[in-house]
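Every chain is numbered from 1 and lettered A, B, ... according to where its sequence line falls, protein lines coming before strand lines.
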Amino acid sequence: MSLSAFLPALPEIFVLAMVSLILVIDAAVDDSKRYLAYVLSLATLAGAAFLTVRDLSTMPVLALNGLFIDDPLSDVLKLFLYLTTAVVLVYSRAYLRERGLYKGEFFVLALFALLGMMVMISASHFLTLYLGLELLSLSLYAMVALQRDSSVATEAAMKYFVLGALASGMLLYGMSMVYGVTGSLALGDIAIALQDGTDLRIPLVFGIVFLVAGLAFKLGAVPFHMWVPDVYHGAPTAMTLFIGSAPKIAAFAFVIRILGQGLESQVGEWRDMLIILAVLSMALGNFAAIAQSNLKRMFAYSTISHMGFMLLGILAGTQNGYGSAMFYVLIYTLMSLGGFGMILLLSRAGFEADQLDDFKGLNRRSPWLAFLMLLLMFSMAGVPPTVGFYAKLSVLQAVVELGYVWLAVAAVLFSLVGAFYYLRIVKLMYFDAPHDTSPITPSVDTRIIMSANGLAVLAIGILPQPLMALCIHAIGASF
Amino acid sequence: MDSILSLVIWVPILAGVAVLTTGSDKNAVLARWLALAGSLAGLLVAIPLASGFDTTTSAMQFVENTAWIPAFNIHYHLGVDGISMPLILLNSFITVLVVIAGWQVIQDKVAQYMAAFLIMSGLINGVFAALDGILFYVFFEGMLIPLYLIVGVWGGPNRVYAAFKFFLYTLAGSLLMLVSMIYLYFQSGGSFDIQTWHTTTLGMSAQTLMFFAFLLAFGVKVPMWPVHTWLPDAHVEAPTGGSVVLAAITLKVGAYGFLRFILPILPDASHELAWFVIALSLIAVAYIGLVALVQADMKKLIAYSSIAHMGFVTLGFFMFNPLGLEGGLVQMISHGFVSAALFLCIGVMYDRLHSRQIKDYGGLVNRMPVFAALFMLFAMANAGLPATSGFVGEFMVIMSATQVNFWFAFVAATTLILGAGYTLWMYKRVVFGQITNPHVEELTDINAREILLLGVLAVCVLGMGLYPKPFTDVMHVSVVDLLAHVAQSKLP
């Protein structure tokens with residue numbers, strides 16, 4: 001194999017090299033130069049973005065003996081991944097410093113997680129999929145536990161690790177069964193083997209059940225959602241921000257690769273499973289979110305419901321559906337970044353702004369931040385003209401196209417329930433008087449990024465076409 | 001100019017953004033003047049709609065059509081006909097009044113208050129001008145955000161409850177409409193164009209289901225009995241300006257939806273289920289009229305009276321004759337003037353005494369004669385006195401109902417008695433009699449700003465009552481065309 005065979009994986013190789021470099025450099029410098037890791041991490045993301053853009057693919061290219069695929073879908077998702085990770089780093093910096101977590105480990109783990117996600121996105125083989133997933137998961141477990149003296153964080157990490165390992169086991173079991181039926185681990189070969197049906201239906205369906213259960217675990221779909229609220233709540237907010245944003249993009253790719261590409265012909269089998277997962281997630285996520293007084297927990301349940309909504313697009317099993325699910329997940333990531341970012345912004349040394357009441361009277365303390373949060377909340381609720389509406393619209397039309405009007409009706413009714421708790425945040429910010437009047441002093445860069453994040457929700461809402469077209473194109477060119 | 005409608009939508013919105021940039025209450029004076037300029041500019045750009053309107057055609061006028069979201073074939077498609085054009089003017093006009101009405105009363109977060117109204121005004125114009133289903137929906141839902149804030153931030157003691165109830169009620173209604181729109185998108189071969197939907201064939205069961213979805217969406221907005229309960233709450237808690245816009249404009253959005261969506265898209269279901277809407281309308285007219293009679297709170301009383309009057313509008317729509325439809329439309333415009341005026345009157349009293357309870361007043365005429373005279377005119381208009389605008393619409397609807405069924409007309413006509421009853425009784429208790437409350441003794445009559453506000457509306461009420469022809473002329477061709485359209489079955 002010549003060296004050029006590795007070219008499609010150049011961004012991954014670059015990130016790996018940079019992580020190793022940062023690890024070494026950070027070990028060698030003293031505390032006053034911690035910013036080096038931060039700057040180098042951002043540089044890594046910029047470099048990876050440059051490499052990805054330089055080598056944009058117009059059609060799927062298999063590489064490394066069919067383990068790795070470079071297609072428009074992976075390019076687009078990776079670019080959003082870099083962007084998301086960069087925003088996470090910017091938002092987290094002040095928070096981490098105030099809590100003594102501003103260490104090289106955070107950046108190294110974040111970049112390793114990023115590498116894992118990149119591998120997941122570009123995997124065309126069960127083996128690479130699994131390797132990417134484990135790299136991501138192990139990094140995340142460690143990130144959650146990074147705040148060693150916090151018992152809540154440690155407990156969350158423990159829970160995350162045990163349940164995550166269980167899910168990985170399920171995935172592996174499912175993969176092994178599909179392997180038994182098709183005789184291959186490569187997604188392309190699996191698709192071909194299953195095209196004309198198989199005599200081994202029972203093992204295949206069993207395999208799919210385990211795969212879907214494993215995927216649902218990773219997505220946090222009901223009834224495999226138990227880890228989500230505890231981890232979101234227990235982890236330091238900067239880690240929650242990371243867990244709640246970028247990995248969703250990778251999880252989407254994971255689901256699309258396995259169900260959409262590998263098991264495409266078995267859509268009749270997995271669609272019904274996804275319907276159950278989606279409906280349960282939307283129901284439980286939205287209702288349970290109402291009962292929360294902790295904002296991180298509320299967002300955790302809201303994530304569950306959003307993942308349920310995203311599954312609606314996937315279960316359509318059409319390119320239109322995948323495209324809409326992709327649009328949904330990208331928009332969700334944008335909103336999630338803003339929501340958790342706002343908690344980080346309002347937190348300060350020794351104070352976590354993660355209670356609902358901490359948002360009371362925000363309009364009096366900082367009208368601009370309150371306005372941005374207002375946009376984010378209405379977007380999560382799916383109220384136009386914010387972009388959340390178009391995300392819901394595109395998913396709903398994919399479902400209606402399939403003829404599942406009742407599912408669309410159920411989805412909008414659950415989102416009505418969801419509207420209540422998002423409205424409650426707006427109520428706290430605008431209708432109530434503040435009980436905490438300390439000044440809010442975010443640094444200039446976080447302020448700028450947060451403004452861009454909030455306004456993007458409105459701007460993409462007014463002109464959603466470019467991003468929608470990008471998603472449709474990426475899916476269309478990769479299938 | 002081909003972009004009048006865009007201006008009508010975006011001038012108020014951009015003016016609202018400009019007002020927001022004035023920031024804190026230190027610049028309140030600037031914010032007020034900027035808002036006034038913005039609302040006047042919004043009214044000015046809307047005037048060409050009336051002056052350049054062609055009353056001989058039912059086709060859409062001032063049309064703008066550009067691709068907006070090609071991925072789903074969604075267009076930025078605007079246009080008005082004789083049904084929507086008067087409503088846009090009404091809205092632009094009321095916005096100016098609302099800005100003036102909030103001039104002194106609102107001292108807290110002035111810029112945000114004014115901006116919310118301006119932005120909402122632009123969005124409502126968008127609702128009336130949109131000819132694309134999703135564009136319509138975006139405006140229709142988008143206007144909830146400013147209204148939610150207006151009720152919740154500047155409202156009364158129970159404002160949080162009212163704001164939530166209002167928002168969730170209307171959202172609940174419109175979400176099913178969204179699903180219906182997506183369904184129509186596929187039935188019409190991939191189009192969100194409302195006029196394309198007007199010619200899309202639909203089976204009876206699909207029409208029936210969508211009828212109820214749309215009915216819920218617009219019925220909540222109108223509001224129709226029994227989904228009206230959010231309105232009294234919202235009215236009581238909202239600041240004066242909020243009540244004015246709610247009564248004068250947003251209720252019309254619901255009624256407008258009947259004419260733009262339900263009747264032309266679902267004609268067969270509309271005919272089949274007309275009895276249902278007529279029954280709800282008659283209940284609204286008669287029962288809600290009785291409810292209004294026993295209210296102790298003036299705002300609540302007018303809120304219930306609004307529901308009863310809007311019952312007239314929906315009743316007229318489902319008579320399926322030109323007289324009824326035009327009567328309903330005239331009633332919409334008239335109610336826009338009268339309810340706005342009545343809420344402003346209550347606002348005038350509330351600003352002085354900080355009470356909306358009828359029992360706290362009495363003998364007002366001794367201290368506020370000018371106000372009492374104007375208030376009298378609006379009360380009469382609300383009761384449907386001939387020569388006021390309130391009479392024209394009610395009379396037309398009752399006439400058309402007699403053509404269809406005597407008993408419809410009979411029940412509808414009770415409004416003339418009930419309306420006179422609750423309005424004039426309230427007027428009597430508030431304005432006449434002995435002064436029992438010592439605070440009333442200290443009241444001063446309305447100032448120039450308030451005289452201007454009420455005077456302009458008085459001219460409108462009388463003008464429309466004495467000479468309604470310009471209004472019916474504008475509507476007539478569009479109404480006839482709509483009815484011809486509704487008469488055709490769309491069953492496959």
Note to self: Could you check whether A/Phe420 and B/Phe167 have their ring centres less than 6.0 Å apart?
What the structure shows: no
Is it the side chain or the backbone of [X] that comes within 4.5 Å of chain A heavy atoms, both, or neither?
| X | result |
| --- | --- |
| B/Tyr183 | both |
| B/Phe139 | neither |
| B/Tyr148 | both |
| B/Ala213 | neither |
| B/Leu178 | side chain |

Checklist line | Ring-face cation contact, B/Phe164 with A/Lys427, 6.0 Å cut, 45° max | finding: no
With only heavy atoms counted, which part of [X] is less than 4.5 Å from chain B, the side chain, the backbone, both or neither?
| X | answer |
| --- | --- |
| A/Phe389 | side chain |
| A/Leu396 | both |
| A/Arg364 | side chain |

Margin query: Quick check on the interface: out of B/Asp108, B/Leu144, B/Ile74, who has the most heavy-atom pairs with chain A under 4.5 Å?
Written below: B/Asp108
Checklist line | chain A interface, residue from B/Pro70, B/Ala71, B/Ser174 that has the most non-hydrogen pairs under 4.5 Å | finding: B/Pro70
Quiz question: by atom type and distance under 3.5 Å, do the side chains of [X] and [Y] form a donor-acceptor pair?
| X | Y | answer |
| --- | --- | --- |
| B/Tyr185 | B/Asn73 | no |
| B/Trp197 | B/Ser191 | no |
| B/His75 | B/Asp193 | no |
| B/His235 | B/Asp233 | no |
| A/Ser394 | A/Ser324 | no |
| A/Ser379 | A/Tyr422 | no |

Who wins among [options] for the most heavy-atom pairs under 4.5 Å with chain B?
| options | value |
| --- | --- |
| A/Phe378, A/Tyr430, A/Tyr390 | A/Phe378 |
| A/Ile462, A/Leu374, A/Thr386 | A/Ile462 |
| A/Leu413, A/Val399, A/Leu393 | A/Leu393 |
| A/Leu423, A/Val400, A/Asn363 | A/Leu423 |

Check: Are the side chains of B/Ile119 and B/Pro12 in touch, meaning some heavy atoms are under 4.5 Å apart?
Finding: no
